[in-house]
**Q** 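Dropping the structure in here first, questions after.
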Amino acid sequence: MLLDTSPPWDDVQNYINGDWSTPSGSGQDVVNPATGEAISYVGFSSDDDINTAVKAGQEAFNEWKETSVERRIQPLFKLKQLLEDHQNDLAEILVREHGKTFAEAKGELRRGIENVEVACGIPSMMQAGHLPNAAPEIDETAVRKPLGVFTAVTPFNFPGMIPLWFLPYAVATGNAFILKPSEQDPIVAQRLFEVIDEAGFPDGIVQLVNGSVDTVNALIDHDEIQGVSFVGSTPVAKTVYERAAANGKRVQAQGGAKNHIIVTESADLDFAVKKTVSSACACGGERCLANDVIVVEEAIYDEFANRVIEEAKAQTVGYGLDSKTDIGALITSEHESRVRDMIATGIDEGAEMLLDGRDVEVTGYENGNFLAPTVFGDIDPEMTIAQEEIFGPVLGLLPVDNVDEAIEVLNRSDFGNAASLFTESGADARKVRHQADVGNLGVNAGTAAPMAFFHFGGRNDSFFGDLHAQGEDMVHFYTDKTIYIERWPSA
Ligand code: NAD
């Protein structure tokens, strides 16, 4: 099988009950963020499209749940290999519609494939427990059962990885699954489904519907949808969480973020500087794990700031398919304007401009949405740029007296997605581990991204729900436990 990597591409398709179809409603252009050119068009699915997909999912589920788990994981083994084989093509497509670099695109696909690998272990992960002689002559057994049709609604920033936080676990546990990817970069999802089509799942078990707000609401409101996974911005995560819960559904909703790095006096500064700039600016800063408030102990503040400026200046901004590029394009011109507004707000509120990335020019890509790294100094915890998600290559340095003050700054945030700490002090590391109110914490790691066999954390306004994406939490989300209490008295 060959994946078409050369745009322009035909209109984006749905994949319903094993067939390709054009979404019924009108939609929007898909634009290459580096060139400004329309490379495809995505229609939005109607209620009828959703009803057809959910019905097919429900029918397929009735057989799939009775299929042995050993058989259910065979298409996942095949999918893993197909994804490995097509990784370069998928990465190229991803760059063309998202704007990040080829290396970043390959990295995110690798992270997605890890989830397929983990879900191949469902026969072990799904076991729930057995206790002989739980009471006199009574044995008790807990079993996990799949529930039906689940959906996931995913954001633009990791279009190749985030669908795979959910899909492999949903189907391996015996459910049917419907993906609604971001309308901003839906092509890689379609290509993923071209690969999935080869993997050998029964029709209706894995489906793709494109669309926007109305499509999401039709999925959330559908009686036959058992549960909703959402990843995206906080306001939408909250709305989706409330609407799905009001409809009596299982729901996990991961939202936006505002993440901090703490750099202590004892840190290896070379390492901390490199990881700080990469954490804030890689993927154009469009990561929920981007750390962009850098809380630095006063004793090393000036030296650290100077080195960060040098490292940030050394980043090459350009087209993601150019191998020299470190930082690619932002997703849309509207989003670029929003990031520029945040920079202007930082200046208005009195932050010190140490490096201004707004005048960047990328020769040959004059219509692209580019920004170079922007570094603010002496930021204050009350400033907008210290409190709100920027989602661009912008970072702010915030001096503090000591680690206690740094933890205070971090814990004042409304969010709680992630943080990182650079230190050589075990005592400081322990203090931060115990006191930081975040779901993912990196110690001497710039971007706190857990491997697929662990859940992906998140707290406060960064997460609504109980069970997180990835790993064992997904097995709990996608199954319900029944308990058998059995008495077989001896004759
Ligand atoms: P978004 O909230 O705009 O969109 C996410 C998804 O929700 C898309 O599929 C979109 O079609 C749909 N959607 C948008 N508005 C909706 C509405 N009103 N009702 C129902 N559905 C709606 O987010 P985005 O801009 O695509 O992604 C960026 C955001 O996602 C950032 O805030 C980032 O931090 C967050 N994010 C969080 C995580 C995490 O794990 N916590 C991971 C990746 C991205």
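Index from 1, following the sequence. Atoms within each ligand, like the ligands themselves, are counted from 1 in listed order.
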**Q** Can you tell me which portion of N417 lies within the under-4.0 Å heavy-atom range of ligand 1? Options are side chain, backbone, both, or neither.
**A** side chain
**Q** Would a line drawn from the ring center of Y365 to the ring center of Y319 be shorter than 6.0 Å?
**A** yes
**Q** Of the side chain and backbone of E286, name the one, both, or neither that has a heavy atom under 4.0 Å from an atom of ligand 1.
**A** neither
**Q** Measuring from atom 5 (C) of ligand 1, which candidate in T332, L219, V231, I162 has the nearest non-hydrogen atom?
**A** V231
**Q** Backbone, side chain, both or neither: what part of F463 comes under 4.0 angstrom of ligand 1, heavy atoms only?
**A** neither
**Q** Would you say the side chains of S24 and D49 form a donor-acceptor pair under 3.5 Å?
**A** yes
**Q** With a 3.5 Å cut-off and no angle check, do the side chains of N460 and D437 form a donor-acceptor pair?
**A** yes
**Q** Should you measure from each heavy atom of K180, which atoms of ligand 1 turn up under 4.0 Å away?
**A** 8 (C), 9 (O), 10 (C), 11 (O)
**Q** Does a salt bridge link E388 with K258, judged by any charged N lying under 4.0 Å from a carboxylate O?
**A** no
**Q** For the residue pair F201 and W64, categorise the inter-ring angle as parallel (less than 30°), tilted (30 to 60°) or perpendicular (more than 60°).
**A** perpendicular
**Q** What atoms of ligand 1 come within less than 4.0 Å of a heavy atom belonging to V213?
**A** 15 (N), 16 (C), 17 (C), 18 (N), 19 (N)
**Q** For V216, counting its heavy atoms only, list the atoms of ligand 1 lying under 4.0 Å from any of them.
**A** 20 (C), 21 (N)
**Q** Less than 4.0 angstrom from a charged side-chain N to a carboxylate O is my criterion; do D89 and R191 meet it?
**A** no
**Q** How are the rings of H468 and H455 set relative to one another: parallel (under 30°), tilted (30 to 60°) or perpendicular (over 60°)?
**A** tilted
**Q** For ligand 1, which atoms have a heavy atom of G256 less than 4.0 angstrom away?
**A** 32 (O), 34 (O)
**Q** For ligand 1, which is the ligand I care about here, please tell me if N217 has any N or O atom under 3.5 Å from one of the ligand's N or O atoms.
**A** no
**Q** Inspect the surroundings of OH in Y41 and state if more than 12 heavy atoms from other residues, nucleotides or ligands are less than 6.0 Å away.
**A** yes
**Q** Pick whichever of A257, P155, A449, G232 has a heavy atom sitting closest to atom 35 (C) of ligand 1.
**A** G232
**Q** Consider ligand 1: state whether an atom of it lies below 4.0 angstrom from any non-hydrogen atom of S182.
**A** yes
**Q** Name the residue from F166, F150, Y169 that meets the ring-ring contact (aromatic ring centres under 6.0 Å, His included) definition with Y478.
**A** F150
**Q** Say whether W165 and ligand 1 are in contact under the criterion: heavy-atom distance to a ligand atom below 4.0 Å.
**A** yes
**Q** Heavy-atom contact check, 4.0 Å cutoff: does V153 meet ligand 1?
**A** yes
**Q** Can you tell me if F230 has a non-hydrogen atom under 4.0 Å from ligand 1?
**A** yes
**Q** Considering T234, D185, N157 one by one, which has a heavy atom nearer to atom 43 (C) of ligand 1 than any of the others?
**A** N157
**Q** Quiz question: by atom type and distance under 3.5 Å, do the side chains of S45 and N14 form a donor-acceptor pair?
**A** yes
**Q** Could a heavy atom of F391 be found less than 4.0 Å from some atom of ligand 1?
**A** yes
**Q** Over 60° means perpendicular and under 30° means parallel, so tell me whether Y241 and F464 are parallel, tilted or perpendicular.
**A** tilted
**Q** Need the ligand 1 atom indices (1-based, order shown) with element for anything under 4.0 Å from a heavy-atom of Q254.
**A** 39 (C), 40 (O), 41 (N)
**Q** When you look for heavy atoms under 4.0 Å from ligand 1, do you find them on the side chain of F456, its backbone, both, or neither?
**A** side chain
**Q** Of the side chain and backbone of R287, name the one, both, or neither that has a heavy atom under 4.0 Å from an atom of ligand 1.
**A** neither
